[in-house]
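The structure appears below as structure tokens.
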Amino acid sequence: MDTTYNPQAVEQEARDYWENERCFEVGEDASKEKFYCLTMFPYPSGQLHMGHVRVFTINDVIARYQRMQGKHVLQPIGWDAFGLPAENAAIQRGVPPAKWTYQNIEYMRGQLKRLGYGYDWTREVTTCKPEYYRWEQWLFTRMFEKGLVYRKNSVVNWDPVDQTVLANEQVIDGRGWRSDALVERREIPQWFMKITAYADELLDYLDRMPGWPDSVKTMQRNWIGRSEGVELSFDVDDEDEPLTVFTTRPDTVMGVTYMAVAAEHPLAVKAAASNPDVAAFVEECKKMQAAEAALETMEKKGMPIGISANHPVSGEAVPIWVANFVVMGYGTGAVMGVPGHDHRDWEFADKHGLPIVQVITPADGSEIDISEGAYVEYGTVVNSGDIDGMDYRQAFDAIAEKFEAEGRGKRRINYRLRDWGVSRQRYWGTPIPIIYCDDCDAVAVPEDQLPVILPEDVEFTGVGSPLKGMPEFLETECPKCGKPAKRETDTFDTFVESSWYFSRYASPDCDSAMFDEREAYWMPVDQYTGGIEHAILHLLYSRFLQKVMRDFGLSAADEPFTNLLTQGMVLKDGAKMSKAKGNTVDPRPLIEKYGADTVRLFMMFAAPPEQALEWSDDGVQGASRFLRRFWNAVHSHAAEGDAVAVETDALNDEQRDLRRKTHRTISKVSDDIGRRYTFNTAIAATMELLNAVNRFDVSTAEDRAVVREALEAVVLVLSPIVPHICHKLWHVLGHASAPVDERWPTFDESALQQDMIEIIVQVNGKLRGRISVAADADTDSISALALADKNAQRFVADKKVRKIIVVPGRLVNIVV
RNA sequence: GCCGGGGUGGCGGAACUGGUAGACGCGCUGGAUUCAAAAUCCAGUUUCUGAAAGGAAGUGCGAGUUCGAUUCUCGCUCCCGGCACCA
């Protein structure tokens, strides 16, 4: 027998077995406990990168582990196939986006198979295919009927040279990536999904999701940003319409020293008509980006528009400013400036010489200096007449009641969350199923006319959507009145496809409905794994559409993902690996050189899944070396022939030690993989066990028996991580079965027992010695042994022992 | 700017509930094997001090709580992710 480890041959053999036996194709078996194990599906960018390898391997390990626990496991895969890179490739290389995408999928599918992931390939979904997006269009028309979608104007990045809408990613330092022109804000009509209608439920359910990391839940909570406040109206000189603002701090209303409105606000527009300076400023505000990060970090600018509001309590005149950091689309497009008690207002007032008034003082009576910076904590109201001395809550209620009584205000719950704009002015996406009729306005495409198929054979130039120049797509008739009408040429945000694909895997071939009864068997997803960069948008949109689908009677699940594992990024040179940055590492040459198992092992060993992993080519060799040692250890053991079963009562100390190590390792690895997801420590533990086996001198049949037990344990517990080599070595150890069909090993509690244990001796918290004590020794005898320790005595000397702390099984601390 | 996460040897990381800091691996150094190399095997490897036993310091920086802090609290700093049109 050839006993040299040849990964290519070993891996081919295992792959053939899984494929021929259809190991990972699963049906719906009501008698078994299901486990739906999913990763965020990949964008088919052209080749698998290390981030993919990491997340897919994590998921495959969990899936294979759960299978060995006896669960009925589904692990599907598919393609998030619409998106911007296909259009960029089309511009750069002249390949139509569809062709480019399908080629990439073809190639990447081969790479995934080569890595040995246990996917049910019969359920593969591809979002750019009509049989997939048809149901997305159908869902949208249902939402349209129910009033969950609507159209309104909103801001996009406009490239005035290329005459096109840019993604935030395509705006570099405020300029278009290709034209280098200064990007402008432009308002266009777009479709929105009413995610805010579900804001409270999306928020409340976070408290019932113990399987999600706290960090992700916190981010989503903050993103939704529920706040209680008061909407207040300020009368404006010579205007019929009052100026309305929302504030969470009505207790500071007497500290208002100015008002600020957005450049697009009617008051600013009106002032601009007669004041050239204001007009120039309003114009300047258009040269801004749409991204919030850009808005928040830019220089805060503003100017008075020459009119005043009347303070609703004091009656004093409050100057109105136009400011670039106030945005028309959010809230009322106006804010009240309380520089004494808001950081941003303070900075703005300080810069423009506006008065800063203190109306809150710390409740504990301490002194603050408002000229040094804003005091934003809750406190006691001062300098505010009737409400002086009140705390936050009292003042809030007093002001709210007063304004409600006067009809100039009302209590309101406000959300930071905004409705989801789903329109994209792009070609390579799901067509929005809407028809515009001069008489009937926007009409949803009727169900029997779906799908609206995206033409794939197009000339793609990058200037505007090719759909606009295709009468055969554009021209249609109104479903309501039959008159000539035009189709919507915008397509969906690709987040729409990724917000329901997880349910489609349950019944990917269903052509009569979005889902069939198989959805109820598999949903919700038991384990979902993906990049931390999706903590908010993708995961929130998916939760939202799941609730919509539930309310439409399509699903019984309230939440799509029961347990969430957010994997850290794979970084290269300190930056996220991405095609755009050109810092990807191609796994292919590594797989060719070392095999898939080595790549999988290294990925899982290099860092725990939640942490960012800085890629380095060093260390892959170490993984390969370990697999060879593993291979050789099993082969040299097997070459000696069969082993007898372990006689637990007849073991000598060395045999008992190895057996304890074996069972400790099974216990630790089970916990590391099953509960903690710390695959790196699971691997470290099995390396230790294998090192112990290699050091162990074998001369008797009993020696061989404990070694056999150890090696079988290593093969089984490593099989989810390095499945190919374990598939082979399991046979080498004389088994006819395959590890994928084996049960996970259990540990023998009695093997873990130890008569004597080592505990450490501290004096004043510093390590001074070690003592060996009986495992069941009591506190007093442990203290006595510790005090008798020679080195400990040097530090105790003649000092008075004040206290002795005994931590059972661990340490003794003598305090002098 | 705001929200979330992170900082431990030359490197990746371990220490799970406040209890031996540096498991495991990489790299490096020395040795064995070899004509030689690769591969493999053995030993060493936080820093300073010491022949050794041992001692001192040490987990981004500064304080605090505790018998005891990588772990908890406060302040700072640097790095990473997200910020609604990258996916």
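Quantities reported herein were computed from a predicted structural model and do not represent experimental measurements. Below, all heavy atoms of this structure are taken into account, side chains as well, without hydrogens, waters or symmetry copies. Below, chain A is the first sequence line, B the second, and so on; all start at residue 1.
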For nucleotides 52-57 of chain B, give me every protein contact, N/O to N/O, under 3.5 Å, one pair per line with atom names.
from, atom 1, to, atom 2, distance (Å)
B:G54, O2', A:Arg794, NH1, 3.4
B:G55, OP1, A:Arg768, NH1, 3.2
B:G55, OP1, A:Asn791, ND2, 3.2
B:A56, OP1, A:Arg768, NH2, 3.4
B:A56, OP2, A:Arg768, NH1, 3.0
B:A57, OP2, A:Lys766, NZ, 3.0

Report all interatomic pairs (protein N or O, nucleotide N or O of nucleotides 38-42 of chain B) with separations under 3.5 Å.
from, atom 1, to, atom 2, distance (Å)
B:U40, OP1, A:Arg628, NH2, 3.2

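Looking only at distances, a side-chain donor or acceptor of A:Arg600 sits under 3.5 Å from a matching main-chain atom of A:Ile721.
For A:Arg424 and B:C85, the shortest distance from a side-chain N or O to OP1 or OP2 is below 4.0 Å. The side chain of A:Gln567 contributes no N or O atom lying less than 4.0 Å from OP1 or OP2 of B:G5. For B:G13, one of the phosphate oxygens OP1 or OP2 lies less than 4.0 angstrom from a side-chain nitrogen or oxygen of A:Gln611. For the pair A:Arg676 and B:A15, the criterion of a side-chain N or O lying under 4.0 Å from OP1 or OP2 is met.
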Below 3.5 Å, can you tabulate the donor-acceptor pairs from side chains in residues 801-816 of chain A to any protein atom, sequence neighbours excluded?
from, atom 1, to, atom 2, distance (Å)
A:Asn813, OD1, A:Asn764, N, 3.4
A:Asn813, OD1, A:Gly765, N, 2.9

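Every residue two or more places apart in sequence or in another chain that forms a ring-ring contact (aromatic ring centres under 6.0 Å, His included) with A:Phe325 is listed here: A:Phe348.
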Pairing pattern in dot-bracket form [Watson-Crick, G-U; both distances under 3.5 Å; | = partner strand] for RNA chain B: (((((((..(((......[....)))((((((.......))))))((((....))))..(((((..]....))))))))))))....
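Using modelled atom types, one finds no donor on one side chain facing an acceptor on the other under 3.5 Å when comparing A:Thr665 with A:Glu688.
Donor-acceptor pairing under 3.5 Å, judged by distance alone, is present between the side chain of A:Arg675 and the base of B:C16. The base of B:C3 lies outside donor-acceptor range of the side chain of A:Asn222, with no N or O pair under 3.5 Å.
If you check residues 83-92 of chain A against RNA chain B, the residues with a heavy atom closer than 4.0 Å are A:Gly83, A:Leu84, listed by number.
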